[in-house]
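Everything on this sheet refers to the single structure shown next.
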Amino acid sequence: MSDLEAEYRLDYFEEEGFRRGQCTECGAHFWTRDPDRETCGEPPCEEYGFIDDPGFDEAYELGEMRERFLSFFEAHDHERIDPYPVAANRWRDDVLLTQASIYDFQPLVTSGETPPPANPLCISQPCIRMQDIDNVGRTGRHTMAFEMMSHTAFNAREDVDDEYAYEGEVYWKEETVAYCDEFFVDMGADPEEITYIEDPWVGGGNAGPAFEVIYKGAELGTLVFMSMSEDPDGEYEMKDGNTYSPMDTYIVDTGYGLERWTWVSQGTPTVYEAVYPDTIAYLKDAAAIDHGEEEEELIHRAAKLAGHLDIDEVEDMDAARDNIADKLGVEPARLHELMRPLEDIYAIADHVRTLAYMFGDGIVPSNVGTGYLARMVLRRTARLIDGLDADVALDDLVDRQAKRLDYENRETIRDIVRSEVRKYEETLERGSRKVEQLAEEYAERGEPIPASQLVEFYDSHGLQPDMVTEIAEDVGARVDEPDDFYSLVASRHDSGDAFDETEETDARLGDLPDTEELYYDDQYRAEFEAVVLDVFERDGEGEDGGPAYDVVLDQTMFYPEGGGQPADHGTLSTDDMTVQVSDVQMRDGVVLHRTDEDPGKGEFVRGQIDMSRRRRLMQHHTATHVIGHAAREVLGSHVRQAGAQKGTDSSRIDISHYDRLSRDEVKAIERVANEIVTDNTVVEQEWPHRNEAESEHGFDLYQGGIPPGETIRLIHVAEDVQACAGTHVKRTGDIGSIRILNTERIQDGVERITFAAGIAALQHDQTQEDYLRETAETFDVAPPEVPETAARFFTEWKERGKRIEELKEQLAEARASGGGGGEEIEIGEWTAVIQRVDADMDELRATANALVDDGKIAVVGGGADGAQFVVGVPDGAPVNAGRVVGELASLVGGGGGGPADFAQGGGPDAEALDDALESAPDILRDAAGA
RNA sequence: GGGCCCAUAGCUCAGUGGUAGAGUGCCUCCUUUGCAAGGAGGAUGCCCUGGGUUCGAAUCCCAGUGGGUCCA
């Protein structure tokens with residue numbers, strides 16, 4: 001094992017008169033020009049030195065600082081790159097949010113598969129880190145949203161050629177540190193106060209030496225020299241315990257926190273005051289916070305000390321606060337009262353910027369993925385605003401940021417925020433009612449609300465424990481709040497992880513050449529010729545358990561299943577035989593044709609595609625692009641494809657949208673889609689370099705997934721451009737027509753649109769019309785009158801139901817007053833009536849009720865559907881109705897029961913009904929006697 | 001992607017297999033009248049849909065639809 005010490009000995013340090021020191025506090029090694037420096041310079045080893053004493057020659061605002069950095073590096077041969085979205089899942093599928101500038105170039109550029117957009121480059125990349133959410137506002141230095149400025153260079157070792165998308169060395173450690181140092185000096189920094197701390201970097205399977213750059217106590221930069229990858233046999237063991245070895249590409253990845261630089265240039269007590277002055281002023285004003293001079297002074301001093309508060313590092317927040325109060329010589333409670341609203345305001349300012357970034361990039365609130373993170377941030381912010389007792393609207397706050405950021409979709413963002421705030425309020429209201437109810441119960445019993453209920457409230461109703469406590473205390477109930485609350489929640493979610501389905505691969509497959517794809521040349525051609533390179537027999541996978549075959553050809557026109565488009569079907573023919581192709585799959589570039597028979601290895605075959613199937617698939621595929629585009633037109637630019645599946649009879653596209661689709665919106669989408677069809681524009685395909693495609697069209701290209709490779713296939717349908725591997729019709733008119741069949745919400749924030757294209761659309765229309773005509777015929781009216789007629793019938797049907805109820809009761813009364821011919825017997829001092837009424841249960845019950853009202857014991861039997869009994873007993877009569885019914889029912893092979901005064905029962909044996917009724921007097925006498 | 005919760009009167013919700021309820025709102029009448037309120041009576045309903053179990057399902061089971069929520 002080697003360590004990295006040698007890696008940090010730079011000529012630059014030597015020439016500039018640096019020396020290597022070791023921190024007397026934390027033991028870290030660092031480089032400095034200052035002969036007397038003993039510590040590494042970073043808190044907690046040292047305190048901030050720039051507050052009230054700015055570190056540069058000028059104070060900068062955020063935008064000015066960004067420009068200063070980018071133009072400096074532009075002047076030093078770096079190309080300036082536009083920032084990427086904060087929703088990193090737009091171009092990679094392993095992370096949700098952009099957390100560092102290097103994320104922009106992972107994984108394809110860093111691995112060397114794709115060239116970078118420029119080399120070297122500089123960028124200021126908006127990022128969101130949610131890990132620090134609890135620190136935001138309180139520590140004075142943590143923000144959730146930030147911009148990471150970076151100068152980046154991609155190098156490949158000289159001795160490798162052509163393997164990677166970039167070659168040679170642009171610059172490495174010496175130049176990187178020199179650039180960094182020069183920029184500091186350019187900003188007017190005192191070179192003696194800069195320290196470079198040796199701090200090896202590890203992340204995402206890569207590692208390398210790195211420096212943390214500290215100036216006046218603030219960490220202003222990180223210089224990472226990514227040069228190793230994880231390797232069990234590697235010679236370097238890093239701090240994550242894994243071993244690493246050098247790789248062929250090596251990358252300069254630097255990070256300069258724009259907010260920190262701005263802060264240091266201004267020397268304000270907290271970073272928030274430097275970065276969000278307008279929002280903070282606005283919120284303070286709205287919350288009517290107006291401090292006196294002495295209070296200002298106190299806050300100022302407390303803020304300086306608050307840098308020591310870090311929820312991760314400080315074990316006891318309260319103690320740390322008390323400590324600050326102690327140092328300032330004030331009551332902790334007073335300090336708390338003073339600081340709390342300010343901390344909330346700082347947090348709100350930061351959170352609304354985060355929200356603006358998220359919604360600006362088209363993230364839609366949801367119960368999954370980035371949408372869920374957005375929802376969490378929004379709810380947290382809404383709650384902070386509630387606590388502030390100020391009349392401010394969240395959509396206003398977010399819009400102020402959106403305006404500052406110059407977003408075009410401001411109205412949509414407002415809509416999203418308003419709709420989400422409304423949902424939040426509804427959740428709160430619904431939750432509060434539930435909590436109140438339950439709290440009252442527990443309060444009456446004098447018991448505390450148990451932890452299990454808290455978990456239930458959180459997990460199923462979205463109520464935080466402190467909110468439950470708050471509400472419960474209003475009703476006078478105690479709450480049993482456990483320390484390990486979140487682990488209790490987690491334990492409700494532990495589930496057996498679904499096992500990954502491992503695809504079995506054939507060793508022989510690896511030796512075969514990639515199949516040449518003919519289907520892009522002419523998507524309408526149905527015939528081709530090819531040579532059978534290999535045939536794999538698949539036992540038991542054919543029809544009736546027989547064998548099936550996977551045929552590999554040198555070239556093919558069969559489209560393999562992919563991108564939501566099902567495989568082509570067709571035939572392969574030799575001179576002697578024709579085999580059916582029922583499935584086509586791509587494995588590592590090799591196309592496998594599933595057939596029912598073996599055409600023979602080495603044979604020359606003619607392939608024939610089932611074109612009616614292919615045409616339907618192409619129509620549906622192009623229609624998918626059309627519908628997606630139409631949805632964007634109608635609903636807004638936030639709409640993205642979140643999944644799609646094509647078929648021959650119908651297809652579906654899932655789109656992100658923050659609300660249910662109204663019928664009018666569906667109609668509008670359908671209309672726009674069919675306009676595109678009617679316009680009959682040419683559907684074009686092209687194969688540009690991915691960097692060109694990205695810079696021209698942005699990441700909206702990748703709605704159907706992120707394709708690998710240096711060049712990508714783009715499909716243009718009207719103004720819509722997407723990276724897509726599927727087959728398409730030549731002109732939009734070839735789609736014929738598009739009908740939306742259904743929409744459903746498959747997740748919060750994701751709507752599924754099911755539609756049909758071409759003949760399938762017509763078939764759908766005809767089926768629908770058949771339904772209507774059939775219904776119209778039944779009603780014997782013309783189709784336009786069906787809705788009104790149906791409504792009338794339904795109303796009449798309900799009225800008749802009520803009328804029948806009334807009549808049954810009248811009938812029952814009539815029967816009870818002697819009209820029904822029931823048998824009357826004496827049970828002690830009581831009269832019992834035993835009567836057979838062949839009617840439904842309602843009528844039997846009504847009859848029994850009427851008899852009971854006359855003060856008689858009622859035994860009513862019915863044979864309309866099996867055998868049923870109702871027994872009613874007036875108040876005070878010595879008979880248990882439930883027992884009587886039970887005995888009667890057992891005589892007809894069933895059971896029954898009910899309260900003592902009114903019971904029902906029955907059984908399947910209708911034949912035995914009369915016998916059972918005959919034995920009723922005995923049963924009644926027994927029951928009365930017992 | 002997975003887990004959990006929910007669906008009953010216009011609204012908010014009770015209802016543990018046996019005759020569908022409360023509060024509120026609504027209608028009529030009375031009292032009072034500046035408003036608020038009070039008294040008496042009345043109408044509320046495909047108990048989300050479809051299957052199943054059962055003599056019997058708002059209730060139990062399965063599936064679907066719609067909504068909520070937590071986690072990755």
Side-chain angles (χ1 to χ4, degrees), chain A residues 93-96 365-370 372-373 375-376 379 423-424 426-434 436-437 441 452-464 485-498 500 642-643 654 660 742-748 750 752 793-795 797-802 805 808-809 812 840-850 852-853 858 860-872 881-882 885-886 888-910 912-913 916:
Chain A
D93 49 20
D94 55 337
V95 291
L96 297 175
S366 167
N367 59 335
V368 296
T370 49
Y372 181 62
L373 301 180
R375 172 168 289 172
M376 289 298 96
R379 293 192 170 187
K423 281 184 189 173
Y424 171 66
E426 280 167 8
T427 295
L428 268 193
E429 209 182 295
R430 208 177 8 246
S432 308
R433 278 198 302 262
K434 278 196 183 307
E436 268 173 44
Q437 265 174 26
E441 265 177 52
S452 61
Q453 280 294 342
L454 282 188
V455 174
E456 166 75 14
F457 277 129
Y458 179 69
D459 206 33
S460 297
H461 305 293
L463 293 172
Q464 315 281 343
F485 177 77
Y486 286 95
S487 65
L488 285 178
V489 174
S491 70
R492 261 172 74 132
H493 290 276
D494 61 30
S495 54
D497 278 6
D500 281 2
D654 302 336
R660 295 306 313 264
N742 186 38
T743 65
E744 58 184 320
R745 200 195 68 148
I746 56 165
Q747 283 166 10
D748 223 9
V750 181
R752 171 164 296 171
F793 279 12
F794 188 59
T795 317
W797 173 75
K798 285 195 289 192
E799 277 165 4
R800 275 171 206 221
K802 272 182 253 178
E805 283 299 311
K808 276 179 184 170
E809 262 164 52
D840 64 24
M841 212 55 178
D842 278 344
E843 217 171 317
L844 264 57
R845 272 198 295 261
T847 306
N849 275 334
V852 170
D853 284 346
V860 186
D865 178 24
Q868 294 124 23
F869 303 99
V870 175
V871 175
V885 161
L888 287 169
S890 69
L891 295 174
V892 293
D901 61 338
F902 194 92
Q904 305 155 61
D909 190 359
L913 177 60

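All values below come from the heavy atoms of this structure, side chains included, with hydrogens, waters and symmetry mates left out. Numbered from 1 within each chain, the chains take letters A, B, ... in sequence-line order.
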What nitrogen or oxygen pairs link the protein and nucleotides 59-67 of chain B at under 3.5 Å?
unit_1: B:G66; atom_1: O3'; unit_2: A:R660; atom_2: NH1; d: 3.3
unit_1: B:G67; atom_1: OP1; unit_2: A:R660; atom_2: NH1; d: 2.8
unit_1: B:G67; atom_1: OP2; unit_2: A:R660; atom_2: NH1; d: 3.0

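- More than 12 heavy atoms of other residues, nucleotides or ligands shown are found within 6.0 angstrom of CZ on A:R660.
- Atoms OG1 and CD, from A:T847 and A:E809 in turn, are 10.0 Å apart once rounded to the nearest 0.5 Å.
- Rounded to a whole Å, the CD atom of A:Q453 is 17 Å from the P atom of B:C4.
- Pairing partner, B:A22: B:U12, with both Watson-Crick or wobble hydrogen-bond distances short of 3.5 Å.
- Candidate nucleotides B:G2, B:C13, B:G18 were compared by shortest atom distance to the side chain of A:N367, and B:G2 ranks first.
- B:C35: no Watson-Crick or G-U partner with both key distances under 3.5 Å is found in any strand.
- Using a 4.0 Å heavy-atom criterion, one finds that A:Q868 contacts no nucleic acid atom at all.
- Counting distance only, with no hydrogens placed and no angle test, the side-chain atoms of A:N849 and the base atoms of B:U19 include a donor-acceptor pair under 3.5 Å.
- Nucleotide B:U28 has B:A40 as its partner under the Watson-Crick or G-U criteria, with both atom distances under 3.5 Å.
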Could you check A:L844 against A:F869 for side-chain contact (heavy atoms from CB on, under 4.5 Å), going step by step and ending with a plain yes or no? CA-CA 8 Å; A:L844 264 57; A:F869 303 99; over 6 Å; no

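- Nucleotide B:A20 holds its C1' atom 12 Å from the CD atom of A:E805, rounded to whole Å.
- The side chain of A:D748 has B:U69 as its nearest neighbour among B:U19, B:G3, B:U69.
- In this structure, B:A63 forms a base pair with B:U49, meeting either the Watson-Crick or the G-U wobble geometry with both donor-acceptor distances under 3.5 Å.
- The aromatic rings of A:H461 and A:F457 lie tilted to each other, with the angle between the two planes from 30° to 60°.
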